[in-house]
Visitor: 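Would you mind keeping the following structure in view while I ask a few things?
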Number of protein chains: 2
Amino acid sequence: MSAELWLTQLHENGYRVTAARRAVVETVEKSTRAVTPLEVYDLGRKKYRALGLVTVYRTLEKLEELHLIQRVHQPMGCQAFISMGQGHQHLLLCQNCGQAAFFEGDDLNPLINSIARKTGYQINEHWLQLFGLCANCR
Amino acid sequence: MSAELWLTQLHENGYRVTAARRAVVETVEKSTRAVTPLEVYDLGRKKYRALGLVTVYRTLEKLEELHLIQRVHQPMGCQAFISMGQGHQHLLLCQNCGQAAFFEGDDLNPLINSIARKTGYQINEHWLQLFGLCANCR
DNA sequence: TCGATATTGAAAATCATTATCATTAAGTAT
DNA sequence: ATACTTAATGATAATGATTTTCAATATCGA
Ligand SMILES: [Mn+2]
Ligand SMILES: [Mn+2]
Ligand SMILES: [Zn+2]
Ligand SMILES: [Zn+2]
């Protein structure tokens, strides 16, 4: 559904909407877990047979640049992407099946202020990620 | 200082203490920022001329396995290591010079419990990392 | 001191990612 | 709807980081 929005974003930013990009966008947008370029390639080829792996890399690059997707870091590797959540959200990942859930409501300000005072750092950003087992896998 | 402890750890776990490993250990242990294998190689060769890059990779692998070092994930790349903090600590990294500071005292339990309830996940682990500018760079 | 074998570094092999380039096709202007 | 400019594509080659192989060496317990 929102795949169309992504394609609109691409178009509005001067990029052309092609069959290859459709396949990539639809694949990544609908996934509820982080997908690697190779996974996107395999899944995307079911939608568009001629899709090339190189184009997957290039399209993911553009989607990341437009903040439509984000890179997901995990113990097993950091070359996976998932759609960007709405607003200030973080990820909760299933260690067994990879299922991702977004959450919000973390309030790190007290901690951040305290650390800033103690260390003298100016703190600009934070990464927070939770790992566990989803309802199905636990 | 604590480099000797690391070497002891290696020895106690059945690994031999060699000149190459000394060079790697002393380099990584004293660094206050995350270092890549290539950086360890360059710095380590000043201590032990014959050091090979392959040995750096192999030694880092063992140090990580013994929980003496940890991998550091950053926007620019995830192939860097820094000594493991004492107890439950997280990293605060300078976006300019890479200077790392450890901090503790984060209490995510209320958040984690709340998220667990809402999502049905069993949460086992969390990653938290702060980014900013150190006192020198700000 | 000796000897079994873990470790080493050079070189070759892998593997993921990136660059080239001739061909195709998106999208605007006609 | 057609033509045209040029972004985009995918096959292929190149790159670069990490791993594997392997013969030579060095560690460390006996
Ligand atoms: Mn947050
Ligand atoms: Mn914590
Ligand atoms: Zn799961
Ligand atoms: Zn700094």
Side-chain angles (χ1 to χ4, degrees), chain A residues 3-4 6-28 34-66 68-69 71-81, chain B residues 4 6-28 34-66 69 71-81:
Chain A
E4 284 308 316
W6 290 21
L7 294 171
T8 301
Q9 282 294 308
L10 282 170
H11 191 231
E12 285 178 356
N13 283 84
Y15 296 120
R16 294 180 180 174
V17 175
T18 67
R21 284 179 179 165
R22 272 182 200 285
V24 171
V25 162
E26 285 170 15
T27 299
V28 178
V35 283
T36 65
L38 201 56
E39 287 172 334
V40 174
Y41 174 66
D42 288 335
L43 293 168
R45 271 160 63 85
K46 292 179 179 162
K47 300 175 189 295
Y48 177 59
R49 181 65 29 185
L51 179 63
L53 179 56
V54 176
T55 298
V56 172
Y57 275 98
R58 288 189 285 225
T59 303
L60 290 175
E61 190 175 32
K62 287 177 177 57
L63 293 178
E64 188 179 21
E65 164 196 327
L66 295 178
L68 294 170
I69 62 173
R71 181 180 301 267
V72 177
H73 300 259
Q74 287 181 269
M76 49 171 296
C78 305
Q79 184 62 307
F81 298 86
Chain B
E4 284 309 318
W6 290 21
L7 294 171
T8 301
Q9 282 295 307
L10 282 170
H11 192 232
E12 286 177 356
N13 283 84
Y15 296 119
R16 294 181 180 174
V17 175
T18 67
R21 285 178 178 165
R22 271 181 200 286
V24 171
V25 162
E26 284 171 14
T27 299
V28 178
V35 283
T36 65
L38 201 56
E39 286 172 334
V40 173
Y41 175 66
D42 288 336
L43 293 168
R45 270 161 62 87
K46 292 178 180 163
K47 300 175 189 297
Y48 178 61
R49 180 65 30 177
L51 179 63
L53 179 56
V54 177
T55 299
V56 170
Y57 276 99
R58 288 188 286 223
T59 303
L60 290 175
E61 191 176 32
K62 287 178 177 57
L63 293 177
E64 188 179 22
E65 165 196 327
L66 295 179
I69 63 174
R71 183 180 300 266
V72 177
H73 300 259
Q74 287 181 269
M76 49 172 296
C78 304
Q79 184 61 307
F81 298 86

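What's counted below: heavy atoms across the whole structure, side chains too, no hydrogens, waters or symmetry copies. Convention: sequence-line order gives letters A, B, ...; per-chain numbering from 1.
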Visitor: Rounded to the nearest angstrom, tell me the gap between atom CZ in A:Arg58 and atom P in C:dA19.
Guide: 10 Å
Visitor: Between residues 40-52 of chain A and DNA chain D, which residues have a heavy-atom gap below 4.0 Å?
Guide: A:Tyr48, A:Ala50, A:Leu51, A:Gly52
Visitor: Base, sugar-phosphate alone, or nothing: which one does A:Arg21 contact when heavy atoms must sit under 4.0 Å apart?
Guide: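 The answer is sugar-phosphate, as A:Arg21 gets under 4.0 Å only of primed atoms, P, OP1 or OP2.
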Visitor: Minimum heavy-atom separation for B:Arg49 to B:Lys46, with atom names?
Guide: NH2-CA, 4.3 Å
Visitor: Taking only the side-chain nitrogens and oxygens of A:His11, find out if one of them lies under 4.0 Å from OP1 or OP2 of C:dT28.
Guide: yes
Visitor: What heavy-atom pair brings A:Val56 and A:Tyr41 nearest, and what distance separates the two atoms?
Guide: CG2-CA, 3.9 Å
Visitor: On DNA chain C, compare the nucleotides closest to A:Arg16 and B:Val54; which residue's is nearer the 5' end?
Guide: B:Val54
Visitor: Looking at side-chain heavy atoms only, is the closest gap between B:Ile69 and B:Trp6 below 4.5 Å?
Guide: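 Side chain of B:Ile69 against side chain of B:Trp6, heavy atoms only: contact under 4.5 Å found.
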Visitor: What is the minimum heavy-atom distance between B:Ala23 and B:Lys47, and which atoms define it?
Guide: O-CD, 3.9 Å
Visitor: Does B:Thr18 place a side-chain N or O at less than 4.0 Å from the phosphate oxygens OP1/OP2 of C:dA6?
Guide: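 Answer is no, no contact under 4.0 Å.
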Visitor: Identify, between B:Val56 and A:Leu53, the residue whose nearest nucleotide on DNA chain C lies closer to the 5' end.
Guide: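 In this pair, the answer is B:Val56.
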Visitor: Judged by atom type as modelled, is there a donor-acceptor pair below 3.5 Å linking the side chain of B:Arg22 to the main-chain atoms of B:Val17?
Guide: no
Visitor: Nearest-nucleotide wise, let me know which of B:Pro37 and B:Val17 is further upstream toward the 5' end of DNA chain D.
Guide: B:Pro37
Visitor: Whole-Å distance between D:dA8 C1' and A:Lys62 NZ?
Guide: 9 Å
Visitor: Whole-Å distance between D:dT27 C1' and B:Glu12 CD?
Guide: 17 Å
Visitor: B:Asn13 CG to C:dA6 C1': how many Å, rounded?
Guide: 15 Å
Visitor: Rounded to whole Å, please give me the gap between CG in A:Leu63 and C1' in D:dA8.
Guide: 14 Å
Visitor: Quickly work out the B:Leu10 CG to C:dA6 C1' distance and round it to whole Å.
Guide: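 In whole Å, C:dA6 C1' lies 13 Å from B:Leu10 CG.
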Visitor: Taking the side chain as everything from C-beta on, heavy atoms only, tell me whether B:Val25 gets closer than 4.5 Å to B:Leu10.
Guide: yes
Visitor: Which nucleotide in the set D:dA8, C:dG27, D:dT19 lies at the smallest distance from any side-chain heavy atom of B:Tyr57?
Guide: D:dT19
Visitor: How long is the span from the CG atom in B:Leu66 to the NZ atom in B:Lys62, to the nearest 0.5 Å?
Guide: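 With rounding to 0.5 Å, CG (B:Leu66) is 9.0 Å from NZ (B:Lys62).
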Visitor: Could you tell me if the side chain of A:Val35 sits less than 4.5 Å from the side chain of A:Thr27, heavy atoms only?
Guide: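 A side-chain contact under 4.5 Å is absent here.
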Visitor: Atom CZ of B:Arg22 and atom C1' of D:dA26: how far apart are they, to the nearest Å?
Guide: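 Between C1' of D:dA26 and CZ of B:Arg22: 13 Å.
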Visitor: Is there a donor-acceptor contact under 3.5 Å from the side chain of B:Thr59 to the main chain of B:Thr55?
Guide: yes
Visitor: Compute the angle between the rotation axes at the two ends of the helix from C:dT1-D:dA30 to C:dT30-D:dA1, each taken over five pairs, rounded to 10 degrees.
Guide: 40°
Visitor: Check whether any side-chain N or O of A:Gln79 sits under 4.0 Å from OP1 or OP2 of C:dT17, and answer yes or no.
Guide: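 Yes, A:Gln79 has a side-chain N/O under 4.0 Å of OP1/OP2 on C:dT17.
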Visitor: Considering just the side-chain nitrogens and oxygens of A:Thr55, establish if one lies under 4.0 Å of OP1 or OP2 belonging to D:dG10.
Guide: yes
Visitor: Round to the nearest Å and state the distance from B:Tyr15 atom OH to C:dT8 atom P.
Guide: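 Computing the B:Tyr15:OH to C:dT8:P distance gives 12 Å.
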Visitor: Please determine whether a side-chain nitrogen of the Lys or Arg among B:Arg21 and B:Glu26 lies less than 4.0 Å from a carboxylate oxygen of the Asp or Glu.
Guide: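 The answer is no: the pair does not qualify as a salt bridge.
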